[in-house]
Amino acid sequence: MQLEDYFEFEKFDSEHGEVERIRIKGHRVAIEMVVEEFKAGAQPKEILERFPTLTMEKVYAAITYYLHNQEAVEAYFERGKRIEDAYYQDYLRGGPYWLRDKALIGKAADDGTPHG
């Protein structure tokens, strides 16, 4: 088994650029969740307590993948933060209902309903 076999690598486009996600295979836990705990000084056993659906093997796989690919994983984190920040700026500009309003405008455009 290769180390990469422990993960699902996802990519999709968003209005702010390509979004990447590295998840632990079979779980909704992203690698950054485990790595953030590790970087904060948590021991693998403590990480497992925080994410009890994982196995110790998968916790160690996430840590090992990070340590083996630290520069690439840190760059992945930075790209994700840029996308997250762009969406946050949209929220700040559009107010608390910006996603709803955007969806309603898109729906109106799809069905020909005028919008204001």
### Task
State which residues pass salt bridge (charged side-chain N to carboxylate O under 4.0 Å, His left out) with Arg100; sequence neighbours excluded, sorted by chain then number.
none
### Query
Can you list the residues that meet the side-chain contact (heavy atoms from CB on, under 4.5 Å) rule with Asp5, with sequence neighbours excluded?
Met1, Gln2
### Message
Distance check, rounded to the nearest 0.5 Å: Met56 atom CE versus Ile47 atom CD1?
### Response
8.5 Å
### Message
Can you confirm whether Phe9 is buried at CZ, in the sense that more than 12 heavy atoms of other residues, nucleotides or ligands lie under 6.0 Å from that atom?
### Response
yes
### Task
Side-chain contact test, heavy atoms from C-beta onward, threshold under 4.5 Å: evaluate it for Val35 versus Phe77 and give yes or no.
yes
### Message
I need the full list of salt bridge (Lys or Arg N to Asp or Glu O under 4.0 Å) pairs touching residues 25-38, with sequence neighbours left out, sorted by first then second residue.
### Response
Arg21-Glu32, Glu37-Arg50
### Residue list, ring-ring contact (aromatic ring centres under 6.0 Å, His included) with His16, at least two apart or on another chain
Tyr87
### Query
In Å and rounded to the nearest 0.5 Å, what is the CG to OH distance from Leu54 to Tyr60?
13.5 Å
### Query
Which pair of heavy atoms, one from Thr55 and one from Leu48, lies closest together, and at what distance?
C-CD1, 3.8 Å
### Query
Taking only residues two or more places apart in sequence, or in another chain, which ones meet Asp85 in a salt bridge (charged side-chain N to carboxylate O under 4.0 Å, His left out)?
none
### Message
Let me check something: do Ile63 and Ile31 share a hydrophobic cluster, defined by ILVMFWY side-chain heavy atoms less than 4.5 Å apart, either directly or through other members?
### Response
yes
Would you be so kind as to tabulate the donor-acceptor pairs closer than 3.5 Å made by side chains of residues 38-46, with sequence neighbours excluded?
unit_1: Lys39; atom_1: NZ; unit_2: Glu74; atom_2: OE2; d: 2.9
unit_1: Glu46; atom_1: OE1; unit_2: Gln43; atom_2: N; d: 2.6

### Task
Using a cut-off of 6.0 Å, state whether more than 12 heavy atoms not belonging to Glu71 lie near its atom CD.
no
### Task
For Glu8, enumerate each residue passing the salt bridge (charged side-chain N to carboxylate O under 4.0 Å, His left out) test, keeping only those at least two apart in sequence or located in another chain.
none
### Task
Sequence neighbours left out, what pairs pass salt bridge (Lys or Arg N to Asp or Glu O under 4.0 Å) with at least one residue falling in residues 51-70?
none
### Test salt bridge (charged side-chain N to carboxylate O under 4.0 Å, His left out) applied to Arg82 - qualifying residues, sequence neighbours left out
none
### Summary
Taken in chain and number order and not counting sequence neighbours, the residues that satisfy ring-ring contact (aromatic ring centres under 6.0 Å, His included) with Phe7 are Tyr65
### Task
Verify the cluster assignment for Leu67 and Val34: are they in a single hydrophobic cluster under the rule of side-chain heavy atoms below 4.5 Å apart?
yes
### Message
Please enumerate all residues that pass side-chain contact (heavy atoms from CB on, under 4.5 Å) together with Gln89, with sequence neighbours excluded.
### Response
Leu92, Arg93
### Query
Once you round to the nearest 0.5 Å, how far does CG of Leu3 lie from CG of Asn69?
7.0 Å
### Query
Can you name the closest pair of heavy atoms from Ala62 and Ile24 and give their distance?
CB-CD1, 4.3 Å
